[in-house]
Undergrad: 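Below you will find the structure I want to go over with you.
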Protein chains: 2
Amino acid sequence: MSSIYQVAEMAGVSVATVSRVINERGYVSEKTRLKVQEAINILHYTPNQAAQSLTTSSTKLIGLLVPDINNPVFLEQSKGINDYLKEKGYILMYAESGEDDEEMSNMVRRFLSNRVDGMILCSRDFTQFGDMDAIIEPALKNNVHVVLNGYVDSKFEIDRVGFDNVRGAYLATEHLLKMGHSSIALIAGTDSTISEERYRGYREAHIDNHVSLNPALVVKGDFRQHSGYEAMLKILQMNPRPTAVFAMNDVMAIGAMMALEDHKVSVPDEIAVAGFDDIIWCSLIRPRLTSVVQPKYEIGKKLAEFLLSRMNESYSGPGRHEIFGSRLAVRQSTVKSEQQ
Amino acid sequence: MSSIYQVAEMAGVSVATVSRVINERGYVSEKTRLKVQEAINILHYTPNQAAQSLTTSSTKLIGLLVPDINNPVFLEQSKGINDYLKEKGYILMYAESGEDDEEMSNMVRRFLSNRVDGMILCSRDFTQFGDMDAIIEPALKNNVHVVLNGYVDSKFEIDRVGFDNVRGAYLATEHLLKMGHSSIALIAGTDSTISEERYRGYREAHIDNHVSLNPALVVKGDFRQHSGYEAMLKILQMNPRPTAVFAMNDVMAIGAMMALEDHKVSVPDEIAVAGFDDIIWCSLIRPRLTSVVQPKYEIGKKLAEFLLSRMNESYSGPGRHEIFGSRLAVRQSTVKSEQQ
DNA sequence: ATTTTTTGTGTAACATGTTACACAATTTGG
DNA sequence: CCAAATTGTGTAACATGTTACACAAAAAAT
C-alpha cells in the first residue's frame, strides 16, 4: 500500500506539500500541484483513513447495531439511518447482535476500538439486558455518543427514539371491536417492554369499549413466524372460538394466517387478523394484512439526526425522547367482503 | 478517548508493558498484569484499531458493496458473507452503490481509504460499467484483494462467483412447456448479461422441445415490481393470449401476479406464472410462486471463502470462477389444482 | 558462589498522516 | 528600490499503537 512518503518522493516534494494538495489547504503552486496529482494517479494512492483519524480524531464512521439484519423492520430503519448519514459523509459499520447481552457488549467494544464517531443501538427491548448502562458506559465515558431505538431506563442523558406501542395496539384492538368482534385473541411476544405496552393498548381498548377482558385469550409467542403459527393452532382449539386475532407483530400474524389457511378457516369471514409493524409483506399476502403502521424509515432518520446533533454539539442537553405516533392500515384481513 | 499512555501512567508502567498485557504476548508478572488490567477497566480503555492497523497493516475490515440493500437477493447473500466472515474475526463495512458507475468507484476508493483487508463487490451486471477494470484497479494495485459476484470480463486474475442463469431459465421454461403451455410470455429485465443468459435458457428450452419461439411474446421490464405489473398488462392485451408467463426475477413475477389479480385472471388456471431467484416472498404470496432456486446464502459464503483464501495466500493462482447450479421449486402458480 | 538462563520491564524507532512554525521566494506598495 | 505582504515549501512534532533491542532482576545450573 502506497503512503504519502512515496508520493512525495515521486513528485520530488515534501509530505507536507502532498498533504496540502490532497486537502486543498494552504498555498501550493499550480506546477507543484500537477506533479503531485500525477504521482498520486500513478501510485493509485489513497490517504490512509486510519492514520488520518489519528490526528483528526474523527473517523466519519458510525456504528449501527441491530438485533437481526433480516428483519424487515430493522432493515427499513437502517435504510433511513443510512440515507441520512451517507449524505453527511458518514459511513456505516453494521453489526448484528441477535438480542444477546454478551454479543452486544462485544460489538460496542468493537465499535469503540474502531473509534466510530458515534453509535446507534437498536433492540426490540433493552430491558432484557441486566444492565444496559454497563454496556454503553464504555462509549459514553470516552465521549462517543450513543442513541437508542427502544426502551431503557438509563442514568445517562441519552437520546431515544421510540414508537407509541400503546396507542398502536389500542387502534388495532379498537378497530376489531368496532367491526363487531367481542372475543379477540392476542398473540403476544416475548416478555419485554414492547410486549407490555402493546398489551396495555389491547387492554385499554377493551376497557374503553366496555368489553370484558378474557385472560384465556392471550397466547404467548416469540415474535417469530413459527410461534404465530403455533399460537393460532391453540386459538383454534378454544371454545368458544374467538372471531378475531391480534398479533403483536406482523411476522407472527402471518404465521397465524398460514395456520388458518392450512385449516381452511377463512380470513376475515371466520376469523379476522390484525398485525403490528406494517412490514412490506402485509401487502403481499392474501388477504392483505391489516396492521399498525410504524414509520420505520422516519424513526431511522430521527435516530441519525439525534446522533449527529449530539456529535456536532448543536445539542447537548438532557436525553431527548421522541415517540412516533401510530396509524392503522386497514386491509382485507379484518374487513369482511360484504362490508367492503 | 483514553490512550495507551494514560493507562501506562495510571498503572505506573511503560506502554510496552500495557501492550503486552493487552496482546498477551511476552513476559508480564501477575502483579503487573493486574495493575494494568485495573487501569484499563477504570479508564474503559479500548485500543485504537486505527493506530493498531498502522503497525500491523491489517484492519480486519472487509468492504461489501451491494446495489440495493433492500433487495432480498442481496440481503440473503450478505447474510452468507457476514456469517462466514464474522466467525473469522472480520467485520463488514457495508455500502450501497445503486448500480451506478461513479458511486461504485467512490465506494471502492472509500474502502481503500479505510484500508479494508479485502472487498466483495456485487452487481446485477458489471458489464454495464464502461470500464470495470478501471474501478477495481486502485484496489488491486494496492494489493487489496477483490472478489466479484456477477459477470465480468477482466484482464485481472479475479475470483468470481456466479449462478447458472441459462440452466435456471431453461428449467423454468421447460417446466412450463411440460405443463402443456406452448405460448409462454417472457418478462425480461434490463439489458445485461444476466438478462441475456436467462433469455438464452428460455430460448434453448423452446428449441429442445420443438416449440417455436415468438419474439412478440417478450416484454421488457427493469427487474422491479412495477415493471412486472406493467408488462403483464401488455401481455393481457396479446391475441391470442399466452397461457403462461416467465419473469426474469421474482419481484417482477409478483408484480405480474398483482396485475392478474386486479384483472381477475386466475393463476395458474388461466395463466401460469414462474419467477426467478426464489426469494422469501414466493412462499408468502398466493398462489405460491414457482421459481428458480438460487443458493444465495451459499453464494455469499463462497464469495467470502474465495476472498479469505486470497488474503491469507492459501490460494494465489489464476482467477477462479465458481458457478452455482440451479433447481426449480415448483409451486402452485404453475400447477393447476386438478393436477396437484 | 558464579555463570547461565529465564523472566520482567523500559526505550526508542516505526507505521502514516496533519499541522505549527520557520524560512525563502515573489509580489506589492510607496 | 527597499520594506512589507503574500505565496510556496520544508522540518519536525504529534496522534496511538507495536515491537526489536537493551538491560536488570530472579531462578536454575554448575
Side-chain angles (χ1 to χ4, degrees), chain A residues 1-37 39-40 43-61 109-117 142-144, chain B residues 1-37 39-40 43-61 109-117 142-144:
Chain A
M1 206 79 197
S2 45
S3 80
I4 201 172
Y5 291 92
Q6 291 163 45
V7 176
E9 195 188 339
M10 177 176 261
V13 299
S14 77
V15 293
T17 303
V18 176
S19 181
R20 283 191 205 101
V21 171
I22 292 167
N23 301 300
E24 297 174 331
R25 207 190 312 280
Y27 301 112
V28 180
S29 75
E30 187 60 15
K31 212 186 306 170
T32 317
R33 216 182 54 70
L34 287 176
K35 269 193 308 185
V36 172
Q37 222 22 288
I40 288 176
L43 293 173
H44 292 286
Y45 170 72
T46 325
N48 185 334
Q49 172 77 52
Q52 221 158 218
S53 75
L54 267 188
T55 50
T56 62
S57 64
S58 154
T59 55
K60 287 288 182 179
L61 237 44
R109 205 160 291 274
R110 182 90 201 228
F111 284 155
L112 285 180
S113 158
N114 281 94
R115 294 296 188 270
V116 295
D117 289 345
N142 283 292
N143 294 314
V144 173
Chain B
M1 205 80 198
S2 45
S3 79
I4 200 171
Y5 290 92
Q6 291 163 46
V7 176
E9 195 187 339
M10 176 175 263
V13 299
S14 77
V15 294
T17 303
V18 177
S19 181
R20 283 189 205 101
V21 171
I22 292 168
N23 301 299
E24 296 175 332
R25 207 191 311 281
Y27 301 109
V28 180
S29 75
E30 188 59 16
K31 213 185 308 170
T32 316
R33 214 181 55 69
L34 287 176
K35 269 192 310 185
V36 172
Q37 224 18 289
I40 288 176
L43 294 172
H44 292 287
Y45 169 72
T46 324
N48 184 333
Q49 173 77 53
Q52 219 157 220
S53 74
L54 267 187
T55 49
T56 62
S57 64
S58 154
T59 55
K60 289 287 182 178
L61 237 43
R109 204 160 291 275
R110 181 92 202 227
F111 283 156
L112 285 179
S113 160
N114 280 94
R115 295 296 189 270
V116 295
D117 289 345
N142 282 293
N143 294 314
V144 173

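Letters A, B, ... mirror the listed sequences (proteins, then strands); counts begin at 1.
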Undergrad: So, the side chain of B/Asp117 versus the backbone of B/Thr59: is there a donor-acceptor pair under 3.5 Å, distance only?
TA: yes
Undergrad: Look up atom CD1 in A/Ile40 and atom CD1 in A/Ile22, then write down how far apart they are to the nearest 0.5 Å.
TA: 4.5 Å
Undergrad: Can you find a heavy atom in the side chain of A/Leu54 that is under 4.5 Å from one in the side chain of B/Asn48?
TA: yes
Undergrad: Take the C1' atoms of the five end pairs on each side of the helix from C/dA1-D/dT30 to C/dG30-D/dC1, derive the two axes, and give their angle rounded to 10 degrees.
TA: 40°
Undergrad: Counting C-beta onward and ignoring hydrogens, is there a side-chain heavy-atom pair between B/Val144 and B/Phe111 closer than 4.5 Å?
TA: no
Undergrad: Do you know which two heavy atoms are closest between A/Thr46 and B/Arg109, and how far apart they sit?
TA: CG2-O, 3.8 Å
Undergrad: Please output the side-chain donor-acceptor pairs of residues 5-16 of chain B that fall under 3.5 Å, not counting sequence neighbours, one pair per line with the distance.
TA:
{"residue": "B/Ser14", "atom": "OG", "partner": "B/Ala16", "partner atom": "N", "Å": "3.4"}
{"residue": "B/Ser14", "atom": "OG", "partner": "B/Thr17", "partner atom": "N", "Å": "3.4"}
{"residue": "B/Ser14", "atom": "OG", "partner": "B/Thr17", "partner atom": "OG1", "Å": "3.4"}

Undergrad: Can you name the nearest heavy-atom pair linking B/Ala50 to A/Ser53, along with the distance?
TA: CB-OG, 3.7 Å
Undergrad: Got a sec, which pairs hit salt bridge (charged side-chain N to carboxylate O under 4.0 Å, His left out) with one end in residues 20-31 of chain A, sequence neighbours left out?
TA: A/Glu30-A/Arg33
Undergrad: Nearest-nucleotide wise, let me know which of B/Thr17 and A/Gln6 is further upstream toward the 5' end of DNA chain C.
TA: B/Thr17
Undergrad: Any chance you could measure B/Leu112, atom CG, to A/His44, atom NE2, to the nearest 0.5 Å?
TA: 10.5 Å
Undergrad: Considering non-hydrogen atoms only, spot the tightest contact between B/Ile4 and B/Ser19 and give its length.
TA: CD1-N, 3.9 Å
Undergrad: Both A/Tyr5 and A/Val13 contact DNA chain D. Which one's nearest nucleotide lies toward the 5' end?
TA: A/Val13
Undergrad: Once you apply a heavy-atom cut-off of 4.0 Å, does B/Ser19 come out as touching a base, just sugar-phosphate, or nothing?
TA: base
Undergrad: Using chain A heavy atoms and a threshold of under 4.0 Å, write down where along DNA chain C the contacts begin and end, 5' to 3'.
TA: C/dT16 to C/dT19
Undergrad: Evaluate A/Gln52 against A/Lys60 for side chain to side chain contact (heavy atoms under 4.5 Å, CB included), listing each step before the verdict.
TA: CA-CA 11 Å; A/Gln52 221 158 218; A/Lys60 287 288 182 179; over 6 Å; no
Undergrad: Using 0.5 Å steps for rounding, measure from the CG atom of B/Leu61 to the CG atom of A/Leu61.
TA: 7.5 Å
Undergrad: Where along residues 44-55 of chain A does a heavy atom come under 4.0 Å from DNA chain C, residue by residue in number order?
TA: A/Tyr45, A/Thr46, A/Pro47, A/Asn48, A/Ala51, A/Gln52, A/Thr55
Undergrad: Please list, by residue number, the residues of residues 24-36 of chain A whose heavy atoms come closer than 4.0 Å to an atom of DNA chain D; answer none if no residue qualifies.
TA: A/Tyr27, A/Val28, A/Ser29, A/Thr32
